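Values reported hereafter were calculated over all heavy atoms of this structure, with side chains retained and with hydrogens, waters and symmetry mates removed. Every chain is numbered from 1, with letters handed out A, B, ... down the list of sequences. Predicted model only: the values in this text are computed from it and were never measured.
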2 protein chains.
Amino acid sequence: MSNSEVVELSAPRDGDVVPCCPPITAGELSRADAEKMAAMFKALSDPVRLRLFSKIASHPGGEACVCDIADVGVSQPTVSHHLKKLREAGLLTSERRGTWVYYRVAPSVVAAMAAMLELRG
Amino acid sequence: MSNSEVVELSAPRDGDVVPCCPPITAGELSRADAEKMAAMFKALSDPVRLRLFSKIASHPGGEACVCDIADVGVSQPTVSHHLKKLREAGLLTSERRGTWVYYRVAPSVVAAMAAMLELRG
DNA sequence: CTCTTGCTTCGATGTCTGTCGATACCGTCC
DNA sequence: GGACGGTATCGACAGACATCGAAGCAAGAG
């Protein structure tokens, strides 16, 4: 039932602040915000995606081409599929340069998730 | 690599630091760590669970009984199912006091997720 | 003890998702 | 041009998941 409305999470630029969701301790999430944030968490809810993401995030220069990170134990189409999901969730951006496609982390979106998880302290 | 076995996620105490996973920028995740973290993110990857979680986190006193938060648009058994998942992921702890069951956030586990998302370039 | 209320567990069901091989696409090099 | 290597899409399928109603349990009231 919930698949009718797909959130448009078209690749935020580096530097934008995602206009979503104060710390969870600040009050309960609206249904819409919950769906947006859940989509982001869902993107990181798979071990393969998490490893791809960490490989990119920890790669020198903050970016990596698919060939650098594809060794995660699944087939190439599956890697591509997962990268697409991360991109659609706004967590990664991609850019083709010549033969290779480079991925990098979208800091603002990750920051939004981290901010949401800040408990008062 | 980091730590050994399935964390006994029964009830981390309030000041514990979960021994898992430095910031993603620090290096790529091991397969085992990726699975552990993915399980936590997966727990928050559902809008209903996210709303339940935020209701508890933002509830006065830091805890809430099921009856306080059950109004999220799904049946009561479904609420219970989701709370169980959050509990199994280590994000919530529960305690029965008389008639009611109280849930509260496990701060250390949430902090571990937040820490992992710190990008601080 | 019996009834009621709050919560959990069980069983069934329809949908979503991770995975693969095959194939199409896109740049580069010869 | 054609061949080739790096990525993306497609189609199929098994396993996982969210959801519900019904039934089970626990604790308090009468």
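- For Q76(A) and dT7(D), the CD to C1' distance is 6 Å, given to the nearest whole Å.
- For the segment residues 50-59 of chain A, the set of residues with a heavy atom within less than 4.0 Å of an atom of DNA chain D is empty.
- When the side-chain nitrogen and oxygen atoms of K42(B) are compared with OP1 and OP2 of dA16(D), none of them lie within a distance under 4.0 Å.
- Mapping G98(A) and R49(A) onto DNA chain C by nearest heavy atom places R49(A) at the nucleotide closer to the 5' end.
- Taking atom OH on Y102(A) and atom P on dG6(D), their separation rounds to 12 Å, with Å as the unit.
- No path of Ile, Leu, Val, Met, Phe, Trp and Tyr side chains, each step under 4.5 Å between heavy atoms, connects Y102(B) with V109(B), placing them in separate hydrophobic clusters.
- Residues satisfying the salt bridge (Lys or Arg N to Asp or Glu O under 4.0 Å) criterion with K55(A), sequence neighbours excluded, are E28(B).
- Atom P of nucleotide dC17(D) and atom CG of L44(B) are separated by 15 Å, given to the nearest angstrom.
- Listed nucleotides: dT7(D), dG18(C), dT8(C). Nearest to the side chain of D46(A): dG18(C).
- Computed from coordinates, the R97(A) CZ to dG6(D) P distance equals 17 Å when rounded to whole Å.
- Atom CD of E88(A) and atom P of dT9(D) are 9 Å apart (whole Å).
- With sequence neighbours excluded, the residues satisfying side chain to side chain contact (heavy atoms under 4.5 Å, CB included) with R31(A) are E35(A), R51(B).
- Contact annotation: T99(A) does not reach the phosphate of dG5(D) (side-chain N/O to OP1 or OP2, under 4.0 Å).
- Proximity of S75(A) to the phosphate of dT19(C): no side-chain N or O atom is located under 4.0 Å from OP1 or OP2.
- When atom types are taken as modelled, the side chain of S54(B) and the backbone of L29(A) share a donor-acceptor pair closer than 3.5 angstrom.
- Side-chain nitrogen and oxygen atoms of H82(B) include none within less than 4.0 Å of the OP1 or OP2 phosphate oxygen of dC17(D).
- Between L86(B) atom CG and dC17(D) atom P there is a gap of 14 Å when expressed in whole angstrom units.
- Each salt bridge (charged side-chain N to carboxylate O under 4.0 Å, His left out) pair with one or both residues in residues 56-70 of chain A, not counting sequence neighbours, appears once here: E63(A)-R97(A), E63(A)-R104(A).
- Across the interface with DNA chain D, nearest-nucleotide mapping of P77(A) and R96(A) shows R96(A) to be the residue nearer the 5′ end.
- S45(A) places a side-chain N or O within 3.5 Å of a backbone atom of K42(A) that can act as its donor or acceptor partner.
- Following rounding to the nearest Å, I69(B) (CD1) and dG6(C) (P) show an atom-to-atom distance of 14 Å.
- Using a 4.0 Å cut-off, no side-chain N or O of H81(A) falls inside it from OP1 or OP2 of dC10(D).
- Here H82(A) pairs with D46(A), V48(A), R49(A), L52(A), T78(A) under the side chain to side chain contact (heavy atoms under 4.5 Å, CB included) rule; sequence neighbours left out.
- Relative to the side chain of V66(A), the nucleotides dA8(D), dT19(D), dG6(C) differ in distance, and dA8(D) lies closest.
- For Y103(B), a side-chain nitrogen or oxygen approaches OP1 or OP2 of dT8(C) to under 4.0 Å.
- In this structure, NZ of K85(A) is placed 16 Å from P of dA8(D), rounded to the nearest angstrom.
- Contact annotation: T78(A) side-chain N/O to dG18(C) OP1/OP2 distance is not under 4.0 Å.
- Scanning for side chain to side chain contact (heavy atoms under 4.5 Å, CB included) contacts around A39(B) gives an empty result, with sequence neighbours left out.
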